[in-house]
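What follows is one structure encoded as structure tokens, with my remarks underneath.
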Amino acid sequence: MSNRIFPDTRLRRTRSKAFLRDLVAESHLCTDDLIQPIFIAEQSEAQIEIPSMPSIFRHNLDSLYREVEELLGLGIKAVAIFPSIDPAKKNADGSEALKDNNIVCEALKGISSRFPEVIKIADVALDPYTDHGHDGLLVGDIIDNDSTLSVLAMQALTLVNAGAEIVAPSDMMDGRVKAIREILEANNFKDTIILSYAAKYASSFYGPFRDAVGSSKTLGKGSKKTYQMNFANINEAIHEVEMDIQEGADIVMVKPGTAYLDVVHAIKAKFQIPTFVYQVSGEYSMLQLSIEKGWLDKNVMLESLMCCKRAGADAILTYAAKQIASELNT
Ligand code: PBG
């Protein structure tokens, strides 16, 4: 690079007008970059606000369809569905996850018939369905990796049969992407996308999500540190991504998001594979609560998402997707 010296160079020149700033902007955010996570539950109320997630609701199916319609109107075509399961249906092996008429499958079918253009992402993990709140099967007090794999593969197949175009394993068992890819190929689902939560850290930022799906009660003081990653590590994230790509992942994801953008940048630079970021519940709630209190300007949300793009994210799962889309449209 040339030696830029003042006053030949004045970096303020291209900052002097809004349109100049836009012209030289290096990153852009549009509705195509946004994926809306949506919580659903079997409940008579159309929607119930989640106390630890300001302006985010748990929807029943009718309300879900209204929400998806609104999102489509705003230009958001991808949704990720997360269920809050009736405690009476939870058990040690999370068998509700394999029922083809569970609430997630019903939601997938319902969205498919009403809005065929919407891309539906379904999480593969057992935690919403287990009475211990873990993502895998417990043998004694250990989360048993290998016996969990076949259950996750069956869960993925159940979700794809119900209409999911993208399955997103968020469980962090070793070998799950391979197990899922094999069962999909064996059942002739050649075009199903695996969006792997490849670098998913054991994070306290998931607290509000666990309230929303009811796994904070079941998990109690339990920790997921034997399968989710240590937040001190980045080399390990590279290994996780490398293995998931070899096992058949199409897209990889980093989670949490805004606090982990060094990881996003490193992955994108090394693999040049589609890389998504999940701005998780705690990250959303911190910002949204401050916005609603008037402590932070509302542009802080857009800023945090643009920072994900700058780090190299191709798309972002964010609870703020709907709100940001309406701002981008005006
Ligand atoms: C569970 C899952 C979690 C999230 C997505 N899928 C929580 C967890 O691992 O306990 C967190 C998302 C968020 O916090 O917004 N498999």
Side-chain angles (χ1 to χ4, degrees), residues 31-32 34-43 46-47 57-86 89 94-129 135 150-171 176-177 179-197 212-213 248-251 253 274 276 278 315 317 319 321-322:
T31 50
D32 290 343
L34 301 174
I35 298 163
Q36 179 75 56
I38 307 181
F39 296 111
I40 56 170
E42 290 167 290
Q43 61 191 24
Q47 50 173 47
F57 299 83
R58 256 195 318 254
H59 300 268
N60 69 14
L61 290 182
D62 287 335
S63 175
L64 166 72
Y65 304 140
R66 282 194 293 275
E67 184 74 5
V68 171
E69 188 169 17
E70 249 184 83
L71 289 165
L72 259 185
L74 290 166
I76 295 185
K77 301 176 215 78
V79 295
I81 306 289
F82 294 99
S84 169
I85 299 295
D86 177 355
K89 294 184 178 169
S95 55
E96 178 71 11
L98 303 186
K99 298 209 172 120
D100 59 12
N101 62 348
N102 67 29
I103 186 168
V104 175
C105 291
E106 291 306 311
L108 293 168
K109 290 179 249 177
I111 297 173
S112 301
S113 63
R114 288 167 179 79
F115 312 103
E117 65 273 51
V118 168
I119 293 170
K120 301 168 298 299
I121 304 173
D123 233 51
V124 179
L126 298 180
D127 55 315
Y129 307 94
D135 295 34
S150 55
V151 183
L152 293 172
M154 288 297 295
Q155 183 188 19
L157 184 61
T158 308
L159 294 164
V160 175
N161 271 323
E165 289 89 358
I166 302 183
V167 283
S170 71
D171 54 283
R176 78 274 169 77
V177 173
I180 293 170
R181 183 54 82 203
E182 279 173 1
I183 204 170
L184 293 178
E185 285 290 325
N187 286 274
N188 215 20
F189 285 114
K190 299 195 170 89
D191 291 329
T192 303
I193 291 170
I194 299 179
L195 161 58
S196 158
Y197 288 74
V213 302
D250 305 286
I251 307 172
M253 184 147 68
F276 289 5
Y278 198 147
L317 274 94
Y319 299 96
K322 183 178 169 187

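Owing to the predicted nature of the structure, the values given are computational and were not obtained by experimental measurement. Just so you know, these numbers use all the heavy atoms, side chains as well, and skip hydrogens, waters and symmetry mates.
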Subject >> Side chain to side chain, Asn60 and Glu42, heavy atoms closer than 4.5 Å >> reply: no
Original post:
Can you find a pair of side-chain heavy atoms, one from Ser196 and one from Arg176, that are under 4.5 Å apart?
Top reply: yes
Subject >> Atom of Ala122, atom of Leu108 and distance for their closest heavy-atom approach >> reply: CB-CD1, 4.4 Å
**OP:** Check Thr192 against Arg181 and note the closest heavy-atom contact, atom names and distance.
**Re:** O-NH1, 3.0 Å
Subject >> Pairwise side-chain contact, Tyr278 with Ser170, heavy-atom cut-off 4.5 Å (strictly under) >> reply: no
Original post:
Taking all non-hydrogen atoms of both residues, which atom of Asn187 and which atom of Leu157 are closest, and how far apart?
Top reply: ND2-CD2, 3.7 Å
Subject >> Main-chain N/O of Ile194 paired with Asp250 side-chain donor or acceptor, under 3.5 Å >> reply: yes
**OP:** Starting from the C-alpha separation in whole Å, work towards a yes-or-no answer on side chain to side chain contact (heavy atoms under 4.5 Å, CB included) for Asp171 and Leu126.
**Re:** CA-CA 8 Å; Asp171 54 283; Leu126 298 180; over 6 Å; no
Subject >> Shortest non-hydrogen separation from Ala212 to Ser84 and the atoms involved >> reply: O-CB, 3.6 Å
Original post:
Less than 4.5 Å apart, any side-chain heavy atom of Ile35 and any of Ile76?
Top reply: no
**OP:** Just do the side chain to side chain contact (heavy atoms under 4.5 Å, CB included) check on Val213 and Phe39 with the steps written out, would you?
**Re:** CA-CA 7 Å; Val213 302; Phe39 296 111; 3.8 Å; yes
Subject >> Whether Gln155 side chain and Leu98 backbone form a donor-acceptor pair below 3.5 Å >> reply: no
Subject >> Between CG on residue Leu34 and CG on residue Leu74, distance to nearest 0.5 Å >> reply: 10.5 Å
Subject >> CD-CG distance between Glu67 and Leu72, expressed to the nearest 0.5 angstrom >> reply: 11.0 Å
Subject >> Ile166 side, atom CD1; Leu195 side, atom CG - distance, nearest 0.5 Å >> reply: 6.0 Å
Original post:
Looking only at heavy atoms, what is the nearest atom pair of Gln43 and His59, with distance?
Top reply: NE2-C, 3.7 Å
Original post:
To the nearest 0.5 Å, how far apart are CG in Leu159 and SG in Cys105?
Top reply: 5.5 Å
Subject >> Ion pair check, Glu69 and Arg66, cut-off under 4.0 Å >> reply: no
Original post:
More than 12 heavy atoms of other residues, nucleotides or ligands under 6.0 Å from CG of Asp191: is that the case?
Top reply: no
Original post:
When you measure from the side chain of Ser113 to the backbone N and O of Gly110, does any donor-acceptor pair fall under 3.5 Å?
Top reply: yes
Original post:
Given the rule in the side chain to side chain contact (heavy atoms under 4.5 Å, CB included) test, do Val79 and Val118 qualify, once you have shown the distances and angles that lead to the verdict?
Top reply: CA-CA 7 Å; Val79 295; Val118 168; 4.0 Å; yes
**OP:** Would you verify whether the NZ or CZ of Arg114 falls within 45 degrees of the ring axis of Tyr65 while also being under 6.0 Å from that six-membered ring's centre?
**Re:** yes
**OP:** Give a yes or no answer on whether the side chain of Asn102 reaches the backbone of Glu96 with a donor-acceptor pair at less than 3.5 Å.
**Re:** yes
Original post:
Going by heavy atoms in the side chains, are Tyr129 and Ser95 under 4.5 Å from each other?
Top reply: no
Original post:
Given side chains that start at C-beta, do those of Leu152 and Pro169 come closer than 4.5 Å, heavy atoms only?
Top reply: no
Original post:
About how many Å separate CG of Asp86 and CD1 of Ile103, when rounded to the nearest 0.5 Å?
Top reply: 10.0 Å
Original post:
Can you find a heavy atom in the side chain of Ile119 that is under 4.5 Å from one in the side chain of Ile193?
Top reply: no
Subject >> Spatial distance of atom NZ (Lys322) from atom OG1 (Thr31) [nearest 0.5 Å] >> reply: 15.0 Å
Original post:
Which heavy atom in Lys120 sits nearest to a heavy atom in Ser112, and how many Å separate them?
Top reply: CE-OG, 3.0 Å
Subject >> Pairwise side-chain contact, Phe82 with Val104, heavy-atom cut-off 4.5 Å (strictly under) >> reply: no
**OP:** Kindly determine whether Tyr197 and Asp123 satisfy side chain to side chain contact (heavy atoms under 4.5 Å, CB included), including the steps that lead there.
**Re:** CA-CA 9 Å; Tyr197 288 74; Asp123 233 51; 2.7 Å; yes
**OP:** Check whether the ring centres of Tyr319 and Phe57 lie less than 6.0 Å apart, and answer yes or no.
**Re:** no
